[in-house]
Amino acid sequence: MRHTLAHFAKLYRSGERLVMLTCYDASFARLCDQAGVEILLVGDSLGMVVQGHDSTLPVSLEQMEYHVAMVARGAERPLIVADLPFASYQASVEQAFTSAARLMVAGAQAVKLEGGRAMADTVRFLVERGIPVCGHVGLVPQSVHQLGGYRVQGRTEDSARELLEDARAIQQAGAAMLVLEAIPAALAKQVTESLAIPTIGIGAGGNCSGQVLVLYDMLDIYPDRKARFALLIMGALNVAFFFLVTRTDFIDVLPPSLRPFLGFYLLVYAGVALVFFLPIYLQLGHRVSAQLSGLLLLPITVGQVTASLTVTRVVRRMRDPQRIPAIGMSLSSAALLLLGLLPPHMGLVIGLGFVTGLGFGTVMAINQVVVQTAAGRARLGAVTALNSLARSTGGAVGAALFGALVFAIIPDADRQSLLQRASEYDVELVVRAFHHGFLFIAALAALAALTASRIPRVTLWKQQVENDERRVMNDE
Ligand code: KIV
């Protein structure tokens, strides 16, 4: 037995959420029916997800009839709502009736049309002639060119008020339900509370009477190409830019003895880039909340600040201060090695995060000071800029490599929806992927330690210490 609108009115009154999915063919219709989906929308979104167009505008009424008939053959129980496609209902109420009637004959039990007050008479005309209507306000894709793109609607006070009036007009005209697409959650809540018919949200927050999803979005089937190598390409572009700059005369501002510092710094910051991904690791691998994942980055930062402060204080008293960066990076490398090898544990993330931060902190402050001191005043600006370039390049390359490695292990994770679909990810897989990432960064840090230990910097340190001492004596 097919579900009726009366059934959904009852569910709505009892406070139960309505579930709507788009569907375009008989096989999926059968699967959706078996899965318990109660409303199937034969959406004109098929123009994009099935036909490959970049909007819904080219979809014809004949094509909609064809898809509605398939869905009706495949699904026994769901209520079938069919989209009136672009240019099949806007010209007149008579045109709307003729088009809607064809979709009903093809197998739909209701039609959906886009628009607010301007469409109220059309909705009334159809309803009075026995055709149930679902309204659609907010982002109305058939008006994409008038809206200037697929943008969230109702953001300003005026447009929110207009949208509310549109929704009321459609309800008053007799619509059975109303789709709210891409509007702020607070506005969707306000509309839902002020109507006596169910609202079905898509990109409108969680406070609507029901939700609709485009089936192909839900199943992650996209006609667009995946940017699988985007991270690596961005990393490579950064490296190319770095070499381009450092091959110009610009590099001459840096004394030859300081040039290895750039490579060292690049490696250090490639390691630091791991911090960008830690919140994802904590949220997906340890199932902590978004807020807590941010808070748990604190030990790393505290480690960095502690090390920077301590090192800058003790450096003048040390005999072999040039060892500091090598020791620091060895410390970070060891902590990351343990993070990658030991079983996942929140205490370890906090403790070893602190140690990793300590290691990085020894280097960050010192490197800048050493390079600037050794370069001298005249070249101060240029060497600082070069140092920053090495730092940003390192960060970009580290993020690219770490991201590419980790996301190559988690299938289909090169998508922005990774966190949105957090519940679908296998915790063990995520942990394994990130642990590989930690080991990779541990290797980078070890390489940085090795590079640091080979940089002949003793004169530089002496020079810096002497400068400092001279300044202190002058002050005294
Ligand atoms: O055509 C469609 O799929 C739709 C949904 C986005 C509501 O109208």
Beyond-backbone contact of [X] with [Y], side-chain heavy atoms, under 4.5 angstrom:
{"X": "Met346", "Y": "Leu296", "result": "yes"}
{"X": "Val37", "Y": "Pro78", "result": "no"}
{"X": "Leu337", "Y": "Leu439", "result": "yes"}
{"X": "Leu219", "Y": "Phe28", "result": "yes"}
{"X": "Thr306", "Y": "Phe354", "result": "yes"}
{"X": "Val152", "Y": "Pro184", "result": "yes"}
{"X": "Gln63", "Y": "Tyr24", "result": "no"}
{"X": "Leu338", "Y": "Leu348", "result": "no"}

For the side chain of [X] and the backbone of [Y], is there at least one donor-acceptor N/O pair under 3.5 Å apart?
{"X": "Gln283", "Y": "Tyr281", "value": "no"}
{"X": "Gln211", "Y": "Gly205", "value": "yes"}
{"X": "Arg2", "Y": "Ala75", "value": "yes"}
{"X": "Arg168", "Y": "Leu164", "value": "no"}
{"X": "Gln153", "Y": "Ile183", "value": "no"}
{"X": "His286", "Y": "Val288", "value": "no"}
{"X": "Ser332", "Y": "Met329", "value": "no"}
{"X": "Thr56", "Y": "Ser45", "value": "no"}

- In sequence, state the C-alpha distance, the side-chain angles, and the governing distance for Gln90 and Met119, and then conclude on side-chain contact (heavy atoms from CB on, under 4.5 Å). CA-CA 8 Å; Gln90 292 94 338; Met119 282 297 138; 4.0 Å; yes
In Å, rounded to the nearest 0.5 Å, how long is the span from [atom1] of [X] to [atom2] of [Y]?
{"X": "Gln172", "Y": "Arg117", "atom1": "CD", "atom2": "CZ", "answer": "12.0 Å"}
{"X": "Asn207", "Y": "Gln190", "atom1": "CG", "atom2": "CD", "answer": "12.0 Å"}
{"X": "Ser194", "Y": "Gln171", "atom1": "OG", "atom2": "CD", "answer": "7.5 Å"}
{"X": "Leu180", "Y": "Leu187", "atom1": "CG", "atom2": "CG", "answer": "8.0 Å"}
{"X": "Leu103", "Y": "Thr98", "atom1": "CG", "atom2": "OG1", "answer": "11.0 Å"}
{"X": "Ile39", "Y": "Cys32", "atom1": "CD1", "atom2": "SG", "answer": "12.5 Å"}

Nearest heavy-atom neighbours spanning [X] and [Y]:
{"X": "Ala160", "Y": "Gly154", "value": "CB-O, 3.7 Å"}
{"X": "Leu336", "Y": "Ala442", "value": "CB-CB, 3.7 Å"}
{"X": "Gly149", "Y": "Leu139", "value": "O-CD1, 4.2 Å"}
{"X": "Gly437", "Y": "Val406", "value": "CA-CG2, 4.1 Å"}
{"X": "Thr22", "Y": "Val214", "value": "OG1-CA, 3.4 Å"}
{"X": "Thr122", "Y": "Ala96", "value": "CG2-CB, 3.4 Å"}

- According to the interplanar angle, ranging from 0 to 90°, do the rings of Phe277 and Phe407 count as parallel (below 30°), tilted (30 to 60°) or perpendicular (above 60°)? perpendicular
Check whether more than 12 heavy atoms from other residues, nucleotides or ligands sit under 6.0 Å from atom [atom1] of [X], and answer yes or no.
{"X": "Tyr66", "atom1": "OH", "result": "no"}
{"X": "Arg155", "atom1": "CZ", "result": "no"}
{"X": "His7", "atom1": "NE2", "result": "yes"}
{"X": "Glu76", "atom1": "CD", "result": "no"}
{"X": "Tyr150", "atom1": "OH", "result": "yes"}

- Mind running salt bridge (charged side-chain N to carboxylate O under 4.0 Å, His left out) on Glu428 and Arg432 for me, showing each step along the way? CA-CA 6 Å; Glu428 271 178 38; Arg432 192 169 355 120; 5.7 Å; no
- Task: Take Asp83 and Val42 through the test side-chain contact (heavy atoms from CB on, under 4.5 Å) and record every step on the way to the result.
- Result: CA-CA 6 Å; Asp83 256 339; Val42 186; over 6 Å; no
If the condition is side chain to side chain donor-acceptor pair (under 3.5 Å), which residues does [X] pass it with, not counting sequence neighbours?
{"X": "His3", "answer": "none"}
{"X": "Glu62", "answer": "Arg102"}
{"X": "Glu181", "answer": "His136"}
{"X": "Gln304", "answer": "none"}

- Report the C-alpha separation of Phe438 and Ile441 in whole Å, then their side-chain angles, then the decisive distance to 0.1 Å, and conclude whether the side-chain contact (heavy atoms from CB on, under 4.5 Å) test is met. CA-CA 5 Å; Phe438 296 146; Ile441 301 284; 5.7 Å; no
Would you list the atom pairs, donor with acceptor, under 3.5 Å between side chains in residues 388-402 and any protein atom, with sequence neighbours excluded?
unit_1: Ser388; atom_1: OG; unit_2: Thr384; atom_2: O; d: 3.0
unit_1: Ser392; atom_1: OG; unit_2: Ser388; atom_2: O; d: 2.7
unit_1: Thr393; atom_1: OG1; unit_2: Leu389; atom_2: O; d: 2.7

- Query: Is Arg161 salt-bridged to Glu165, going by a charged N under 4.0 Å from an acidic O?
  - Reply: no
- Message: With a 4.0 Å cut-off on N to O distance, would you call Arg30 and Asp33 a salt bridge?
- Response: no
- Item | salt bridge (charged side-chain N to carboxylate O under 4.0 Å, His left out) contacts touching residues 5-29 (sequence neighbours left out) | none
- Task: Show your reasoning for whether side-chain contact (heavy atoms from CB on, under 4.5 Å) applies to Tyr216 and Met48.
- Result: CA-CA 10 Å; Tyr216 284 32; Met48 297 168 89; over 6 Å; no
